[in-house]
2 protein chains.
Amino acid sequence: MATRTDAPTRREQILKEAARLFAERGFHGVGVDEIGAAVGISGPGLYRHFAGKDAMLAELLVGISESLLTGAKRRLSEAEAAGVAPEAVLDSLIEGHIDFALDDRPLITLHDRELDRLRDADRKLVRQLQRQYVELWVGAVRRLYPGLTEPAARSAVHSVFGLLNSTPHLTRPGSLPDRAGTAELLHRMARGAFAAAAES
Amino acid sequence: MATRTDAPTRREQILKEAARLFAERGFHGVGVDEIGAAVGISGPGLYRHFAGKDAMLAELLVGISESLLTGAKRRLSEAEAAGVAPEAVLDSLIEGHIDFALDDRPLITLHDRELDRLRDADRKLVRQLQRQYVELWVGAVRRLYPGLTEPAARSAVHSVFGLLNSTPHLTRPGSLPDRAGTAELLHRMARGAFAAAAES
DNA sequence: CCTTCAGGTTAACGACCGCTAACCTCCCTG
DNA sequence: CAGGGAGGTTAGCGGTCGTTAACCTGAAGG
């Protein structure tokens with residue numbers, strides 16, 4: 001156990017830079033030499049840490065999907081234990097997703113953009129994790145708005161994801177105004193969108 | 001002038017298929033041979049119609065940006081002429097954007113995904129058109145909700161674009177339930193999101 | 001009927017890219 | 001102090017991709 005977050009390992013450095021580059025120029029638009037250069041080694045040195053370029057993307061996408069899902073599960077079980085109201089449960093999910101979207105912008109971008117570049121097995125896994133995550137949201141939404149049909153709730157959830165994942169477009173590089181304000185605005189809009197979806 | 005929409009020209013066929021392929025697999029992930037094959041000719045035959053692969057993407061992105069902007073301008077001037085209420089103006093913008101997002105899914109996907117693959121001049125042009133489009137929305141939103149600051153309104157507009165542009169994720173290929181229902185749901189959610197953004 | 005040209009074809013070139021091979025250091029450990 | 005593995009390096013191979021060159025063809029027009 002570390003006193004701090006432990007100096008980032010080489011693998012983590014590589015993953016972080018690869019995520020940034022993939023998000024900026026697309027998976028096929030980035031060469032392994034560029035990824036290497038971004039961490040100070042060059043080209044084939046990456047193969048000491050990853051089996052290939054595909055493996056980096058796979059690890060990024062599986063990682064983000066798992067992280068989103070386990071975070072949501074934790075929040076739901078905590079909420080259930082505390083016996084809070086349905087509104088607070090949904091609020092907690094929204095808050096978690098916003099934190100993620102604001103803190104890991106490149107990953108959020110990759111998440112719904114480069115999924116098809118994965119090998120079949122990895123793509124299936126990621127899709128399954130994503131589906132579970134969506135279903136957690138659908139359940140929380142329908143507990144708060146029982147009038148919503150399941151397909152409508154699912155559509156609404158996907159649309160709110162689109163809203164929350166728009167953060168990469170929000171900030172021209174350099175001018176992120178204040179994180180807290182942006183988070184609160186997004187939160188209000190997400191709740192408003194769900195409420196509007198539920199009105200007849 | 002034609003009795004119907006005139007049989008699509010070769011150029012239009014090519015653009016349509018290229019848009020679909022680019023949206024599916026990314027600009028760098030599609031080869032010119034595949035685009036050619038999709039319209040029944042093969043590979044280099046495309047160069048009778050376009051200067052290169054880049055030119056196809058440029059024409060697609062400029063076309064969509066112009067189309068969105070002119071559509072919005074037309075709707076705004078019509079609304080002004082009719083002297084309708086601010087709510088109806090925003091509704092008209094929302095409706096236009098939804099129509100576009102539902103009818104030209106691949107283009108909506110490309111629009112915010114492959115912009116950086118353009119030559120400098122084209123990218124500047126597209127960005128300028130997009131900015132104008134956003135500003136039309138910001139104006140309409142602030143006329144309806146004068147309490148919103150301009151940065152807040154702009155963020156809200158970008159977020160609602162994210163919501164509306166989520167349509168490609170909504171329909172697993174083949175099962176689009178009913179267009180009208182989806183459009184109405186999206187419309188309600190967009191309005192709800194704006195209203196929530198405006199509440200303190 | 002001959003010409004021309006739009007719209008194709010195939011062959012091939014040059015560049016680039018992912019990846020492997022072969023080799024070179026340190027540093028840690030017995 | 002040997003030695004061995006972790007983590008680099010450069011050279012280069014094989015394949016792919018965008019693009020060009022050279023050639024073909026069928027239909028329209030004078």
Side-chain angles (χ1 to χ4, degrees), chain A residues 2 6-62 110 113-123, chain B residues 2 6-62 110 113-123:
Chain A
D6 258 347
T9 146
R10 221 2 83 92
R11 277 181 65 89
E12 290 167 340
Q13 278 184 56
I14 295 171
L15 284 175
K16 185 183 160 197
E17 295 302 314
R20 185 179 55 79
L21 289 167
F22 289 160
E24 277 175 12
R25 301 214 286 284
F27 179 68
H28 291 301
V30 179
V32 290
D33 290 356
E34 303 177 71
I35 303 175
V39 296
I41 72 182
S42 227
L46 295 170
Y47 287 76
R48 299 287 164 190
H49 304 275
F50 293 93
K53 202 180 143 189
D54 300 350
M56 300 180 206
L57 182 64
E59 188 154 331
L60 285 170
L61 294 191
V62 171
L110 288 182
R113 190 166 298 198
E114 307 284 356
L115 182 66
D116 299 323
R117 269 50 115 193
L118 256 47
R119 286 183 14 243
D120 269 28
D122 294 320
R123 189 172 56 246
Chain B
D6 259 349
T9 146
R10 241 306 121 84
R11 278 182 65 89
E12 291 168 339
Q13 278 184 56
I14 295 171
L15 284 175
K16 185 182 160 197
E17 295 301 316
R20 185 178 55 80
L21 289 167
F22 289 160
E24 279 174 11
R25 302 214 283 285
F27 180 67
H28 291 301
V30 179
V32 290
D33 289 356
E34 302 177 71
I35 304 175
V39 297
I41 73 182
S42 226
L46 295 170
Y47 287 76
R48 298 287 163 190
H49 304 275
F50 294 92
K53 200 180 146 191
D54 299 350
M56 300 180 207
L57 182 64
E59 188 155 330
L60 285 171
L61 293 191
V62 172
L110 288 183
R113 189 166 297 199
E114 307 287 356
L115 183 64
D116 299 322
R117 268 50 118 195
L118 256 45
R119 288 183 10 244
D120 268 28
D122 294 321
R123 189 173 56 246

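So that the names make sense, note that chain A is the first sequence line, chain B the second, and so on, each numbered from 1. All values reported here derive from a predicted model rather than from experimental measurement.
If you check D:dG8, C:dA21, C:dG18 against the side chain of A:I41, the one that comes closest is D:dG8.
With rounding to whole Å, B:D33 atom CG is found 10 Å from C:dT10 atom P. Rounded to a whole Å, the CG atom of A:L21 is 13 Å from the P atom of C:dC17. The OH atom of A:Y47 sits 16 Å away from the P atom of D:dT10 (whole-angstrom rounding). A:H28 places its NE2 atom 11 Å from the P atom of D:dG18, with the value rounded to the nearest Å. Atom CD1 of B:I35 is separated from atom C1' of D:dT19 by 13 Å (rounded to the nearest Å). Atom CE in B:M56 sits about 8 Å away from atom P in D:dT19, given to the nearest Å.
Across all strands shown, B:V39 has no heavy atoms under 4.0 Å from either base or sugar-phosphate atoms. If you check every strand for non-hydrogen atoms under 4.0 Å, B:G52 touches sugar and phosphate atoms only. A:G45 comes within 4.0 angstrom of a nucleotide base, judged by non-hydrogen atoms across all strands.
The 5' end of DNA chain D is approached more closely, in terms of each residue's nearest nucleotide, by B:K53 than by the other of B:K53 and B:R48. Of the two residues contacting DNA chain C, namely B:L46 and A:F27, the nearest-nucleotide position lying further toward the 5' end is that of B:L46.
For C:dA6, the OP1/OP2 oxygens have no side-chain nitrogen or oxygen of B:R10 closer than 4.0 Å. Within the 4.0 Å cut-off from OP1 or OP2 of D:dA6, not a single side-chain nitrogen or oxygen of A:H49 is found.
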- Intermediate values then yes/no, side-chain contact (heavy atoms from CB on, under 4.5 Å), A:R48 and A:I41: CA-CA 11 Å; A:R48 299 287 164 190; A:I41 72 182; over 6 Å; no
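Side-chain atoms of A:R11 come within 3.5 Å of backbone N or O of A:H49 as a donor-acceptor pair.
Classification of A:R20 and A:E24 as a salt-bridged pair holds, one side-chain N sitting under 4.0 Å from a carboxylate O.
To the nearest 0.5 Å, atoms CG (A:L57) and CG (A:L110) are separated by 6.5 Å. With rounding to the nearest 0.5 angstrom, the NZ atom of B:K53 is 10.5 Å from the CZ atom of B:R117.
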